[in-house]
Amino acid sequence: MDIKYGFEPFFDENSVVLILGSFPSVKSRQVEFYYGNRQNRFWKTVCGYFGEEAPFDVAGKKGFLKRRNIALWDMVTECEIVGSQDSKIKNFKVADIKKLLQISKINYIILNGGKAAEIFEKNFTGISVPYEKLPSTSPANTGFDAERWRCALQRAFSRA
């Protein structure tokens with residue numbers, strides 16, 4: 001099985017909130033940026049919190065993230081996977097979250113989905129940055145809760 005690679009973390013010196021997913025979907029890997037599946041609720045949810053429309057292109061998405069001081073990364077940097085389901089992730093490497101926290105101003109972490117939370121809690125329980133587990137924004141998740149996301153974003157950005 002071929003090894004698939006995730007993306008580098010997207011952040012800058014002003015990023016204060018880090019949103020961690022599990023691993024990029026097939027569609028995200030095709031467009032070479034986070035949450036590339038148009039059916040994923042991520043962009044609509046996060047942009048909607050700020051009263052903005054979700055950008056259509058990668059440049060617009062990057063601009064939004066920079067303007068709002070949001071960093072994105074995934075818990076898995078490389079793995080064996082068929083398709084996009086988290087349950088298919090095998091033989092993976094974990095992102096160096098501690099290093100990212102050392103070189104940024106991130107003061108709150110949101111974990112997008114169960115697999116991201118599982119890997120995070122197994123590997124990073126000792127970090128001092130508060131974090132929150134949320135239901136995945138994936139279109140495959142029938143338990144998505146927009147209100148929980150809105151409240152979490154409120155908590156995260158009230159700290160900034």
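Atoms considered below: every heavy atom in the structure, side chains included; atoms not considered: hydrogens, waters and symmetry mates. The first residue of the sequence shown is numbered 1, and numbering continues consecutively from there.
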Indicate the atoms forming the closest heavy-atom contact of [X] with [Y], along with that distance.
{"X": "L111", "Y": "A117", "answer": "CD1-CA, 3.8 Å"}
{"X": "V17", "Y": "I110", "answer": "CG1-CD1, 4.4 Å"}
{"X": "S104", "Y": "F11", "answer": "CB-CD1, 4.2 Å"}
{"X": "S22", "Y": "A116", "answer": "N-CB, 4.0 Å"}
{"X": "P135", "Y": "D145", "answer": "CG-N, 3.8 Å"}

*Aromatic ring proximity, centroids under 6.0 angstrom, Y108 and Y131*: no

*Examine F10 together with F33 and report whether their ring centres are nearer than 6.0 Å.*
yes

Do [X] and [Y] sit in the same hydrophobic cluster, where Ile, Leu, Val, Met, Phe, Trp and Tyr count as joined when their side-chain heavy atoms come under 4.5 Å apart?
{"X": "V58", "Y": "Y34", "result": "yes"}
{"X": "Y35", "Y": "V31", "result": "no"}
{"X": "L72", "Y": "F56", "result": "no"}
{"X": "M75", "Y": "V26", "result": "no"}

So, taking the atom named [atom1] in [X] and the one named [atom2] in [Y], what distance separates them when rounded to the nearest 0.5 Å?
{"X": "D74", "Y": "S28", "atom1": "CG", "atom2": "OG", "result": "8.0 Å"}
{"X": "L134", "Y": "I19", "atom1": "CG", "atom2": "CD1", "result": "8.5 Å"}
{"X": "K98", "Y": "S128", "atom1": "NZ", "atom2": "OG", "result": "10.5 Å"}
{"X": "S138", "Y": "K115", "atom1": "OG", "atom2": "NZ", "result": "14.0 Å"}

_Salt bridge present between E52 and R67 (N-O < 4.0 angstrom)_ = yes

*Any salt bridge between E132 and R155, counting N to O under 4.0 Å?*
yes

Just so I know, are the side chains of [X] and [Y] near enough to count as touching, which here means a heavy-atom distance under 4.5 Å?
{"X": "K4", "Y": "E78", "value": "no"}
{"X": "K122", "Y": "E118", "value": "no"}
{"X": "N14", "Y": "K66", "value": "no"}
{"X": "T45", "Y": "F144", "value": "yes"}
{"X": "K44", "Y": "E53", "value": "no"}
{"X": "F23", "Y": "T77", "value": "no"}
{"X": "L101", "Y": "I109", "value": "yes"}

*Crowded around E32 CD? As in, over 12 foreign heavy atoms under 6.0 Å?*
no

_Distance-only side-chain donor-acceptor flag, T137 / N112, under 3.5 Å_ = yes

*Which residues satisfy the ring pair (Phe, Tyr, Trp, His ring centres under 6.0 Å) test with F50, sequence neighbours excluded?*
F64, F157

*Pick from I3, V76, I89, D2: which one makes a side-chain contact (heavy atoms from CB on, under 4.5 Å) with I81?*
I89

*Report the C-alpha separation of E80 and K88 in whole Å, then their side-chain angles, then the decisive distance to 0.1 Å, and conclude whether the salt bridge (charged side-chain N to carboxylate O under 4.0 Å, His left out) test is met.*
CA-CA 8 Å; E80 295 175 0; K88 302 291 185 187; over 6 Å; no

